[in-house]
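Take a look at the structure set out below.
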Amino acid sequence: MRKYLAEMVGTMVLVLMGCGSAVFAGNAADALGTGVGTIGVALAFGLSVVAMAYTIGNVSGCHINPAITLGVWMSGRMSSRDALMYMIFQIIGGIIGSLILVLLISTGGHGGPTISGANSFDQGEMAQAFIAEAVFTFIFVLVVLGATDEKKGAGNFAGLAIGLALVLIHIVCIPITGTSVNPARSIGPALVEGGQALEQLWLFIVAPFIGAAFSSLVWKTLGGGR
């Protein structure tokens with residue numbers, strides 16, 4: 001249970017800090033004043049992962065992302081029961097993080113372009129959004145699998161490598177979808193936002209899972225030799 005609770009807390013922090021940066025200080029990429037722009041939001045997500053990696057990494061491995069859990073499970077590094085429970089608690093954590101954002105908004109004001117940090121794509125751009133989410137999740141999960149490999153991994157630097165990879169992915173993908181590469185990060189905000197975000201939520205679940213599955217297959221080839 002400690003592992004599952006750690007995943008819940010870690011995902012809550014990711015959503016609260018990452019989506020919170022978009023809600024309260026996102027604004028347009030070139031805005032002045034309190035707006036942190038694309039780079040600031042990207043850093044918020046990446047630094048959240050780094051912080052949690054060194055906080056709960058020794059407890060649960062700090063997946064805080066069902067796509068990562070899928071990739072790890074397909075790589076044979078965890079049981080089916082643990083994988084399912086990880087995903088459930090990650091989703092719960094994402095919802096809790098989103099509800100905290102709602103509480104903060106309801107008790108004050110915010111100047112950002114979104115009330116939840118929900119992912120979305122413009123009309124006619126579904127194909128672009130799907131490809132982006134699948135490809136960038138593939139890259140992200142590949143970094144995770146490589147950095148955390150027992151024999152070929154980055155050891156104590158794994159958390160830093162993974163967090164920086166997420167920053168890079170956000171810099172490129174934010175203009176396309178707001179960047180998910182994490183179904184749990186998308187589910188909570190979509191439930192809060194409703195409307196278009198909820199209608200498009202399927203893409204931010206299916207595409208990351210496809211990217212993660214391919215990533216696991218590729219890593220079996222790249223890292224297969226012991």
Interatomic spacing from CG in L5 to CZ in R2 - rounded to 0.5 Å:
9.5 Å
Please say yes or no: joined through hydrophobic side-chain contacts below 4.5 Å, possibly via intermediate residues, are L43 and L160 part of one cluster?
no
Would you indicate whether the side-chain heavy atoms of F89 and T11 approach each other to under 4.5 Å?
no
Closest heavy-atom contact between T148 and A158?
CG2-CB, 4.3 Å
Do I169 and V141 land in one hydrophobic cluster if side-chain heavy atoms of ILVMFWY residues count as linked below 4.5 Å?
yes
Side-chain donor-acceptor pair present, S75, W219, cut-off under 3.5 Å
no
Say whether, by atom type as modelled, one donor and one acceptor occur between the side chain of T137 and the main chain of A134 under 3.5 angstrom.
no
Look only at the side chain of N182 and the backbone of R185, and say whether a donor-acceptor pair between them is shorter than 3.5 Å.
yes
Nearest atoms (heavy-atom pairs only) where A147 meets I162:
CB-CG1, 4.3 Å
Return the minimal non-hydrogen interatomic distance between K3 and V59, and the atom names on each side.
CG-O, 3.3 Å
List the atom pairs, donor and acceptor, that lie under 3.5 Å between side-chain atoms in residues 192-211 and the rest of the protein, sequence neighbours left out.
residue	atom	partner	partner atom	Å
E193	OE1	S116	OG	2.5
Q200	OE1	F121	N	2.9
Q200	NE2	F121	O	3.0

Between the side chain of N65 and the main-chain N/O of V181, is any donor-acceptor distance below 3.5 Å?
yes
Does any non-hydrogen side-chain atom of L84 lie less than 4.5 Å from one of R81?
no
Expected output: side-chain Y86 to main-chain S60 donor-acceptor under 3.5 Å:
yes
To the closest 0.5 Å, what do you measure between NE2 (H63) and CG (D82)?
9.0 Å
Following the transitive rule for hydrophobic clusters with a side-chain heavy-atom cut-off under 4.5 Å over Ile, Leu, Val, Met, Phe, Trp and Tyr, establish whether W73 and V143 coincide in one cluster.
yes
So, the side chain of R77 versus the backbone of L145: is there a donor-acceptor pair under 3.5 Å, distance only?
yes
Minimal non-hydrogen separation, V49 against C62, with atom names
O-SG, 4.4 Å
Write down the atom of S216, the atom of M74, and the distance for their closest heavy-atom approach.
OG-CB, 3.2 Å
Can you check side-chain contact (heavy atoms from CB on, under 4.5 Å) on L142 and F214, steps first, answer last?
CA-CA 9 Å; L142 190 65; F214 274 103; over 6 Å; no
Can you check whether T179 reaches F136 side chain to side chain, under 4.5 Å on heavy atoms?
no
Looking only at heavy atoms, the pair that brings P66 and Q90 closest together is N-OE1, 3.0 Å
With heavy-atom distances below 4.5 Å as the criterion, would you say the side chains of I88 and Y4 are in contact?
no
ILVMFWY network linking V15 to I68, side-chain heavy atoms under 4.5 angstrom:
no
Mind checking the CD1-CD1 spacing from I171 to I39? Nearest 0.5 Å is all I need.
4.0 Å
One should read off an interatomic distance between S215 OG and L70 CG, to the nearest 0.5 angstrom, of 10.0 Å
Is a donor from one side chain sitting under 3.5 angstrom from an acceptor on the other, for T177 and N119?
no
Heavy-atom donor-acceptor pair, Y54 side chain to N156 backbone, under 3.5 Å:
yes
Do L16 and L101 have side-chain heavy atoms sitting under 4.5 Å apart?
yes
Is any side-chain heavy atom of L164 closer than 4.5 Å to a side-chain heavy atom of L168?
no
dist F45:CZ -> C19:SG (nearest 0.5 Å) comes out at 4.0 Å
Polar side-chain atom of E7 near backbone of I64 as donor-acceptor pair, under 3.5 Å:
yes
Hey, what do you get for CD1 (I131) to CD1 (I176), rounding to the nearest 0.5 Å?
9.5 Å
Say whether M1 and M12 are linked into one hydrophobic cluster, either directly or through other cluster members, by side-chain heavy-atom distances under 4.5 angstrom.
yes
